[in-house]
Amino acid sequence: MRQNIIKIAVYLVTALPLGGVGGGLLSSCSDDHTGSINVSGSCLVEKFVLNGQYEGVISTEKRLVKVKVPADFDQKGNMEITSLTVSPGAQSNMKVGDHINFDGDRTLHISNGDLVMDYQVSVRNDEALMSLFILEGVKGAINQQDKTITVSVMANSGIDLNNATFEVECSEDAICSPASGTKGNFTEPFQITLTDNTATTTYTVYVTMISNPVAIFVGEAENIELLNDEEKAAAKWLTGNIASAAYASWSDVASGNISLDECKLVFFHRHCSSYGNYNGFAEAESGAMTALPKMKELWQRGVGFVLGRSAVNYAIALGAMPEDAYPNNVWGGGGGEGSDLMGEDPWHFYAYDITHPLWNGLKTYPGAADNAVYTLDNGYTICNTTSQYGFWDTYQDGKDAFEAKTGGRALGGDNSVSSWELKGANGEFGKGGIICFGSGLFDWNSPTPYESNYHDNMGGIMFNALDYLTK
């Protein structure tokens, strides 16, 4: 419609006389200068049918014609338009009898006089797939091969599995039965069926009670749902993707309310106001400091740590880094509402050594430098809290100065060190060590919708870190 408005505006301007007498420019307009634009018709698609049987659902508001075909239909590359009805007097770039490749979306262009309208024609197979399952705030791990969902629940979580609420996200047109948001008995295998016309998929949910988690996400809140959105997303990734992983509050750890005998990895990701020095962190993070004796025991016995954003300061508390070696380049904070929208080429940083195990198997951006690491996507909104090392004052000699001061090894940055590793209590890098992600690009939650592609690298990096720190 913007095109029409601009066109009409141009016609109106050119229709006005160049000069005027008395009442001014507009008062001198006469019937001889009215122009000849035609906006009396409309550009609606009233009917659209392919192959004589697949009729499109037309949304004028979305400018979308969606045609559903059976789940096993594999001939979208050559489909015939068998019926097409548009507004009286309108013309279209497609016509009855055309054979068109609909493997991808196509544009249906409608014009009527000086009015034009474009529709997106999308041919989609029926689909009934689940993309997310949450049981009382705990994310389940979905196996699309055997259509199973595994949910790991802490024995002390307080969840009543006899009557627990579940939530599901699934294919756009699929219907969930029982409905998402209802309750069920999860003390035994629980089945959920998704249907979309010819597509039907049944998932079976298995709940595992954990008394000795192999990995934990730690935070201030009593449970995952009370965390801020950024930390919640990070915690749900861990519990939904690592078998026998669980959430634990700092009070759970400090009080011994959770057994950590089998724990191999601790994930602490803190999104909050950045601290200008270690003392500021220690004063504000009282829960983490209360649990410090237990955390030190874990580190000293060879448990690995992944620390994100402001949590990188916890490495100092553990004794893995000098107290005066805190990050000198910090900013951000807030509730995770987002501040910057990524563009076509999302923000990225550079690995100092792209062969390091942490960067194995990541997706790369076409034409990017070989050592560029992408963790965001076009449309992703980042909250951008950062705790990293800029190359000035103490670190003006760059990466070498950072490594000499901290005893760590620089992993990535952009004229900075924004991700690094520290040695384990045994004095070696790798198993039992600490990975620190101070970069704002280590982001888990976008308040705006986006199509996940490079953000999948976040999970890849975490799987790499788990292997590197525990094996």
Side-chain angles (χ1 to χ4, degrees), residues 137-138 153-158 210-236 238-239 245-327 330 332-336 385 387 422 424-425 432-438 444 469:
V138 181
V153 176
M154 287 297 298
N156 63 349
S157 65
I210 304 174
S211 56
N212 287 288
V214 299
I216 59 171
F217 184 100
V218 284
E220 286 285 347
E222 181 180 343
N223 58 62
I224 285 182
E225 291 303 314
L226 297 179
L227 294 170
N228 63 52
D229 288 343
E230 171 65 19
E231 295 172 19
K232 184 192 303 182
K236 286 186 175 180
L238 188 77
T239 58
Y247 174 79
S249 69
W250 289 118
S251 74
D252 285 334
V253 174
S255 65
N257 194 34
I258 178 175
S259 173
L260 299 176
D261 294 341
E262 303 297 326
C263 186
K264 296 181 180 179
L265 182 78
V266 174
F267 185 13
F268 178 22
H269 180 67
R270 186 75 172 105
H271 174 68
C272 62
S273 298
S274 297
Y275 303 108
N277 55 52
Y278 170 69
N279 289 334
F281 169 83
E283 291 173 6
E285 301 296 331
S286 58
M289 301 310 288
T290 299
L292 183 58
K294 296 283 188 180
M295 291 290 103
K296 280 187 174 181
E297 287 179 13
L298 294 179
W299 182 59
Q300 288 166 359
R301 83 163 194 235
V303 172
F305 280 72
V306 174
L307 305 177
R309 293 194 169 160
S310 295
V312 300
N313 290 279
Y314 206 53
I316 297 174
L318 292 171
M321 196 165 65
E323 186 171 322
D324 61 349
Y326 54 82
V330 298
T385 299
S387 293
L422 300 163
I434 301 173
I435 299 291
C436 294
F437 294 105
W444 291 95
L469 296 176

Q: Applying side chain to side chain contact (heavy atoms under 4.5 Å, CB included) between Val266 and each of Leu260, Val303, Leu318, report the one that passes.
A: Val303
**Q.** Tyr247 side chain vs Gly219 backbone, donor-acceptor pair below 3.5 Å
**A.** yes
Distance check, rounded to the nearest 0.5 Å: [X] atom [atom1] versus [Y] atom [atom2]?
| X | Y | atom1 | atom2 | value |
| --- | --- | --- | --- | --- |
| Cys436 | Phe268 | SG | CZ | 11.5 Å |
| Asp229 | His271 | CG | NE2 | 9.0 Å |
| Asn277 | Tyr326 | CG | OH | 5.0 Å |
| Arg270 | Thr385 | CZ | OG1 | 10.0 Å |
| Ile224 | Glu231 | CD1 | CD | 11.5 Å |
| Thr239 | Ile216 | OG1 | CD1 | 12.5 Å |

Write down the atom of [X], the atom of [Y], and the distance for their closest heavy-atom approach.
| X | Y | value |
| --- | --- | --- |
| Ala234 | Phe217 | CB-CE1, 3.8 Å |
| Ala235 | Leu227 | CB-CD1, 4.0 Å |
| Cys263 | Ala215 | SG-CA, 4.4 Å |
| Glu220 | Ser249 | O-CB, 4.5 Å |
| Val312 | Ser387 | CG2-CB, 3.9 Å |
| Leu238 | Ala245 | O-CB, 3.5 Å |

Q. Do Trp250 and Tyr314 have ring centroids that are under 6.0 Å from one another?
A. yes
Q: List the steps, then state whether side-chain hydrogen bond (donor to acceptor under 3.5 Å, both in side chains) holds for Tyr275 with Glu285.
A: CA-CA 11 Å; Tyr275 303 108; Glu285 301 296 331; 2.8 Å; yes
Q: Show the numbers, then the answer: is there a salt bridge (Lys or Arg N to Asp or Glu O under 4.0 Å) between Lys236 and Glu225?
A: CA-CA 9 Å; Lys236 286 186 175 180; Glu225 291 303 314; 2.7 Å; yes
(Q) What I'd like to find out is whether the side chain of Ser259 reaches to under 4.5 Å of the side chain of Ser211, using heavy atoms alone. (A) no
(Q) Just so I know, are the side chains of Phe305 and Leu422 near enough to count as touching, which here means a heavy-atom distance under 4.5 Å? (A) no
